[in-house]
> 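Could you have a look at this structure, given as structure tokens, before my questions?
Here the structure is a predicted model, which means the values were calculated and not measured.
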Amino acid sequence: MRIYPRRVFRSILMVAMLLFVMLNLHILMTSQPDGTGEYDHQIILQGHHRSLGEMHVQFGQLADQPYSNLPQSTRSKLVIPPISGNYNNTTISINRNIDTANISLIKEEIAKINKAQKIHNLDRFGLKLDSESVVIIVQVHDRHDYLRILLDSLKKVRNIHKTLLIISHDVYAEELNELVEGIDFVPVMQIFFPFSQQIYKTGFPSEHPNDCPRDIKKDQALKRKCNNAAHPDKYGHYREAKYCQAKHHWIWKLHHAFEDLDVMKNYDGMVLLLEDDYYVTEDVLTILQMMQNLANKDCKDCRMLVIGNYDKVQNYQANAGKVERAYWISSKHNMGMVFTRVLWNEIKKCFKEFCLHDDYNWDWTIQHLSMKCIPNKIRTIKMKASRIFHIGECGMHMKGKSCNPGGKLKKVEELIAKNKQYLFPNVLSVAGDSRFKLRDPKANGGWGDNRDHEMCLSFLYRNTTVR
């Protein structure tokens, strides 16, 4: 066989060039940044699991520098590869022997779960979080039938396995735990609000025997010397614990997610906020990615995406691919809120105003912050054809004749089936700007008690304890 020197030389040259490129890529990916520009790190989480399908996650170090100490401007990527092997047990292991009447044991279990920060189903899906990702946080009370419907709808969402689902409870209950144990379609973590009425049954933040009745006059309350007699709300009423808990839980779960969860350290992607009585369409994640891209181009000052609305008539044929720009209004834009650490940091700067504002509604309080504290107000883009539906017939403000969600669910499923062809639009476009008048809403009261102020502030400042 004849050997051609020129051909051999060309082959050697190509191999040398390939090796040179690979060597440089290796150096680039493994060397420590010099701090002159933005980072683009990939953090590989190393874990160990005590039971199959469960994992504790601990951050490794990059160039001898802890992940939590990297600059806030860091563009970070977190990767947990799927665990190899054939595992049969992928369920969540919660202590099944706890008597829910034993408050001390429930309190210990909740503390243990919150500290462990276990992510389940990593053996099936692994996890990758970066600036294009979505973390879903669901605030759950005690309605397991509604939560089951929400989970069924989430299971149908395209690419749901690429997200992280965080279930935030304020009730520790067997029915709710069983539902979460059955989740097999997404990496999932449970957290528990540690100051719930379930845990503090006979005193603040629940009702105390010496609490002032709601409608007692201040002078009478002072004579009676009932708790917090000197501080009714702006309308002269005293606190009702059941209405205060939702606001506490809402701000606690956000602080816990952004500030305390290892897996969320420096996470700069999207966070979708849901409640247990919502129902989502199967294109919700696809729509979110498209909205994010559109906002980066046509609404650069938008700090929130909203994928739900309360319009009684939903015209998917005309509006499936259309969004509207608006300033955030609590009564119109509080369903399917999506934002990143950028807006959370603005809310955190206004934490004191949030905790002291005399309104027991978290959403009305956020609108107040938008008007009075957050710079340039909260601007948003919202879907004109809703991707989230509120099916709750009973709850804190809704007292329907029947709490069976079947009727509302049937109507929503029929609407979605009728318009299935319009889901997953090829393109999104801005259809205009909202004309709703923006104002600082009149506070609803219900939040005049100093104990509520102190507990709320303690979530950020950690300088008070619940008494």
> What are the two closest non-hydrogen atoms of Asp145 and Pro405, and how far apart are they?
OD2-CD, 3.9 Å
> So, Arg379 and Asp433, do they make that salt bridge, N to O below 4.0 Å?
yes
> Are the charged groups of Lys382 and Glu324 less than 4.0 angstrom apart, N to O?
yes
> Donor-acceptor pair, Glu353 side chain versus Cys373 backbone, under 3.5 Å?
no
> Give a yes or no answer on whether the side chain of Gln198 reaches the backbone of Tyr172 with a donor-acceptor pair at less than 3.5 Å.
yes
> Run Phe459 and His255 through ring-ring contact (aromatic ring centres under 6.0 Å, His included) and show every step you take.
CA-CA 7 Å; Phe459 301 154; His255 183 274; 7.8 Å; no
> Is the shortest side-chain heavy-atom distance between Ile347 and Leu343 below 4.5 Å?
yes
> May I ask you to check if Lys112 and Phe192 form a cation-pi contact, with NZ or CZ under 6.0 angstrom from the six-membered ring centre and within 45° of the axis?
no
> Judged by modelled atom types alone, do His144 and Glu178 share a side-chain donor-acceptor pair under 3.5 Å?
no
> Any donor-acceptor pair under 3.5 Å linking the side chain of Ser133 with the backbone of Gly269?
no
> Could you check whether any side-chain heavy atom of Ile287 comes within less than 4.5 Å of a side-chain heavy atom of Thr281, counting everything from C-beta outward?
no
> Tell me, do Leu261 and Ile166 make a side-chain contact under 4.5 Å, heavy atoms counted?
yes
> Is it true that a side-chain atom of Arg239 and a backbone atom of Pro205 form a donor plus acceptor pair closer than 3.5 Å?
yes
> Assess the side chains of Asn309 and Gln314: does a donor N or O sit below 3.5 Å from an acceptor N or O?
yes
> Check whether any side-chain N or O of Arg341 sits under 3.5 Å from a backbone N or O of Tyr267 as a donor-acceptor pair, and report yes or no.
yes
> Using distance alone, with no hydrogens and no angle criterion, decide if Asn334 and Tyr310 have a side-chain donor and acceptor under 3.5 Å apart.
yes
> Can you tell which of Arg325, Met304, Met291 makes a side-chain contact (heavy atoms from CB on, under 4.5 Å) with Thr380?
Met304
> Drop me the distance from Cys350's SG to Lys372's NZ, to the nearest 0.5 angstrom.
13.0 Å
> For Arg143 versus Asp276, what's the shortest heavy-atom pair and its separation?
NH2-OD1, 3.1 Å
> For residues Tyr278 and His390, determine if any side-chain heavy atom of one lies less than 4.5 Å from a side-chain heavy atom of the other.
yes
> Could Lys155 and Asp184 be called an ion pair, given the rule that one side-chain N must be under 4.0 Å from one carboxylate O?
yes
> Quick one, Asn345 and Phe258 - any side-chain contact, counting heavy atoms below 4.5 Å?
no
> Sequence neighbours excluded, which residues qualify as salt bridge (charged side-chain N to carboxylate O under 4.0 Å, His left out) partners of Glu259?
Lys348
> Search all heavy atoms of Asp359 against all heavy atoms of Thr365 and return the closest pair with its distance.
O-OG1, 3.4 Å
> What I'd like to find out is whether the side chain of Val263 reaches to under 4.5 Å of the side chain of Val135, using heavy atoms alone.
no
> So, do His256 and Trp252 have ring centers that fall under 6.0 Å from each other?
yes
